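Below is one structure, written out as structure tokens, with a few remarks after it.
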Protein chains: 2
Amino acid sequence: MTRRPFRHESEDVRRQDLIAATLDCIADYGIQGATVRQIAERAGVTPGLIRHYFVSKERMFQTAYREIMNTMFETASKASEEHGSDAIGRLKVFVLANFRPPIIDPRMLSLWATFISQIGVDPELASIHREGYLAFRDRLETLLQDVLTEAGRKPNQDDCRRMAIAINGMIDGLWLEGCMAGSLFREQELGDIALASVATLLGIDFDKAS
Amino acid sequence: MTRRPFRHESEDVRRQDLIAATLDCIADYGIQGATVRQIAERAGVTPGLIRHYFVSKERMFQTAYREIMNTMFETASKASEEHGSDAIGRLKVFVLANFRPPIIDPRMLSLWATFISQIGVDPELASIHREGYLAFRDRLETLLQDVLTEAGRKPNQDDCRRMAIAINGMIDGLWLEGCMAGSLFREQELGDIALASVATLLGIDFDKAS
DNA sequence: GGTGTGATTATACACTTGAATAATTTTAGG
DNA sequence: CCTAAAATTATTCAAGTGTATAATCACACC
């Protein structure tokens with residue numbers, strides 16, 4: 001009876017592997033299927049090791065949720081930053097990024113819904129969500145301000161907040177449906193609808209964007 | 001050792017009780033906590049009885065999800081039907097109903113997210129969701145058509161669909177945030193934002209409603 | 001007011017769960 | 001090369017899981 005061979009890994013790599021395995025398991029088998037044993041197997045490791053890196057399963061899930069929220073925010077955020085100087089173009093790219101992979105993805109929805117569903121059980125997840133939501137909304141609000149300023153309009157503080165809330169809500173809702181039932185919509189249809197709606201809400205025209 | 005006393009109940013009542021207990025457990029303890037034993041205890045019944053009414057836990061969950069979707073749809077739908085004859089008023093009431101209890105409710109979000117999170121595990125849940133989503137959206141689309149017709153505009157079929165998708169998305173997204181982090185918003189703020197946005201998207205004025 | 005039917009309980013089973021602990025292997029530093 | 005520390009595995013534990021089956025109680029009907 002020989003013991004399974006193994007390698008020492010740096011803490012960073014191991015933690016990252018374990019979190020990735022956690023997300024894989026949740027996406028594939030639901031939270032019931034994301035057991036310590038399943039996760040360990042997926043990570044190519046024995047169950048005991050998990051306890052060596054995370055004081056509890058609960059903490060590991062929190063870390064995993066933070067990573068998901070970060071991915072979603074950063075993807076859209078990076079897209080807009082890389083775009084260039086005109087505000088209207090940045091907003092356009094920011095909105096559209098939410099309707100393309102990796103953000104639009106049944107797997108993403110699965111993960112997101114799982115963590116949301118656990119908010120009642122683990123309140124820390126609510127706090128993580130709020131952080132991510134506000135980061136996203138603040139970024140959006142800034143983009144809106146820039147667009148309105150660029151258009152020569154004087155952006156009212158409160159109006160911007162309300163518009164950001166509404167647009168953020170619409171993006172979330174359309175994203176949900178796109179992940180869940182992409183086949184109900186034509187290619188790029190949700191992105192187009194989102195863009196057109198944002199244009200109407202702001203009273204702008206995205207065709208002017210570069 | 002005396003046996004626990006019990007009452008015979010009609011099938012309808014018992015099934016309803018069991019579904020209610022299922023939803024309670026899911027909302028309070030998450031899907032992991034919604035065990036056959038927990039649910040039975042909550043319903044004041046022994047675990048074995050559950051198998052007498054549902055061939056499996058999976059089937060019971062499907063039935064429970066159908067009920068949730070129905071409650072949400074019917075609540076908003078009934079509100080608009082009871083309102084009266086002017087289309088713009090019916091739309092207003094329909095939209096606002098989504099931002100008041102029982103639809104806005106952390107418990108509702110918990111349940112909804114739980115079932116969504118299980119879509120990957122049990123595809124039947126996806127079908128149930130789609131049914132509920134389309135029912136809601138169709139109702140909304142009809143209301144939009146009525147409003148535009150009432151306003152003397154010729155409602156284009158495709159435009160109505162796209163507006164319904166966008167508005168439905170926005171309602172969903174704002175509903176989500178309202179359930180999750182109601183404290184981030186002032187009383188009625190989300191309903192007001194939703195209403196104002198719908199007005200802008202349709203180019204109408206809700207102040208004209210009765 | 002018995003009595004038969006089936007709703008309900010009780011018990012058992014085979015398995016899985018998260019966690020704790022002890023035993024070992026790897027790896028870095030002298 | 002040795003050695004010590006730390007990463008990783010192996011084993012164990014008590015509790016909980018969904019489901020199956022048999023015993024029994026409640027109630028409708030004659």
Side-chain angles (χ1 to χ4, degrees), chain A residues 1-26 28-65 114 117-118 121-122 124-125, chain B residues 1-26 28-64 114 118 121-122 124-125:
Chain A
M1 186 105 169
T2 168
R3 200 168 239 246
R4 163 209 274 235
F6 61 92
R7 285 186 53 206
H8 282 196
E9 285 287 2
S10 80
E11 176 165 341
D12 287 354
V13 169
R14 213 38 123 192
R15 291 179 78 92
Q16 190 52 45
D17 283 355
L18 289 176
I19 289 173
T22 301
L23 294 174
D24 283 348
C25 286
I26 291 177
D28 289 352
Y29 317 119
I31 196 165
Q32 318 100 309
T35 66
V36 172
R37 284 167 177 81
Q38 274 288 347
I39 294 167
E41 185 181 0
R42 179 80 70 137
V45 137
T46 52
L49 189 60
I50 286 178
R51 288 290 316 263
H52 191 261
Y53 283 96
F54 298 93
V55 308
S56 70
K57 203 185 170 189
E58 198 176 39
R59 285 286 187 84
M60 187 166 58
F61 279 13
Q62 291 167 6
T63 308
Y65 187 30
T114 299
S117 77
Q118 296 295 305
V121 181
D122 178 8
E124 176 65 15
L125 294 176
Chain B
M1 186 104 170
T2 169
R3 201 169 239 247
R4 161 209 274 236
F6 62 90
R7 286 185 52 204
H8 282 194
E9 285 287 2
S10 80
E11 177 166 340
D12 286 354
V13 169
R14 211 40 122 193
R15 289 178 80 91
Q16 189 51 46
D17 283 355
L18 289 176
I19 289 173
T22 300
L23 295 175
D24 283 348
C25 285
I26 291 177
D28 289 352
Y29 317 119
I31 196 165
Q32 320 99 307
T35 66
V36 172
R37 284 165 178 81
Q38 273 289 346
I39 293 168
E41 185 181 2
R42 178 79 70 136
V45 136
T46 53
L49 190 61
I50 287 178
R51 287 295 312 260
H52 192 263
Y53 283 96
F54 297 93
V55 309
S56 70
K57 203 185 170 190
E58 198 175 40
R59 285 287 187 83
M60 187 167 60
F61 279 13
Q62 292 167 5
T63 309
T114 299
Q118 296 296 305
V121 181
D122 177 9
E124 177 63 16
L125 294 176

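Owing to the predicted nature of the structure, the values given are computational and were not obtained by experimental measurement. Lettering of chains follows the sequences in order, A, B, ..., and the numbering in each one begins at 1.
Set against D:dT17, C:dA19, C:dT9, the side chain of B:Lys57 has D:dT17 as its closest nucleotide. Considering only the side chain of B:Arg37, D:dG18 comes nearest among D:dT9, C:dA19, D:dG18. In this structure, the nucleotide among C:dA20, D:dA20, D:dA7 sitting nearest to the side chain of A:His8 is D:dA7.
A:His52 has a side-chain polar atom (N or O) that falls below the 4.0 Å cut-off from OP1 or OP2 of D:dA7. The shortest distance between the side-chain N/O atoms of B:Arg51 and the OP1/OP2 oxygens of D:dT21 is not below 4.0 Å.
Between A:Gln62 and A:Asp122 the shortest side-chain heavy-atom distance falls below 4.5 Å. Within the 4.5 Å cutoff, the side chain of A:Asp28 has heavy atoms near those of the A:Arg42 side chain.
B:Tyr53 comes within 4.0 angstrom of the backbone, heavy atoms only, and of no base. B:Thr46 comes within 4.0 angstrom of a nucleotide base, judged by non-hydrogen atoms across all strands. Using a 4.0 Å heavy-atom criterion, one finds that A:Glu9 contacts the sugar-phosphate atoms exclusively.
In terms of position along DNA chain D, the nucleotide closest to B:Val55 lies nearer the 5' end than the nucleotide closest to the other residue of the pair B:Val55 and B:Arg7.
No cation-pi contact links B:Arg59 to B:Tyr53, judged by a cut-off of 6.0 Å to the six-membered ring centre and 45° from its axis.
Residue-to-nucleotide contacts include a donor-acceptor pair under 3.5 Å from the side chain of A:Arg3 to the base of D:dT9.
Between B:Ile50 atom CD1 and D:dA20 atom P the separation is 14 Å, expressed in whole Å. Rounded to whole Å, the distance from CZ on B:Arg59 to P on D:dT19 is 12 Å.
When each of A:Leu49, A:Thr22, A:Ile50 is tested with A:Val36 by the rule side chain to side chain contact (heavy atoms under 4.5 Å, CB included), just one qualifies, namely A:Ile50.
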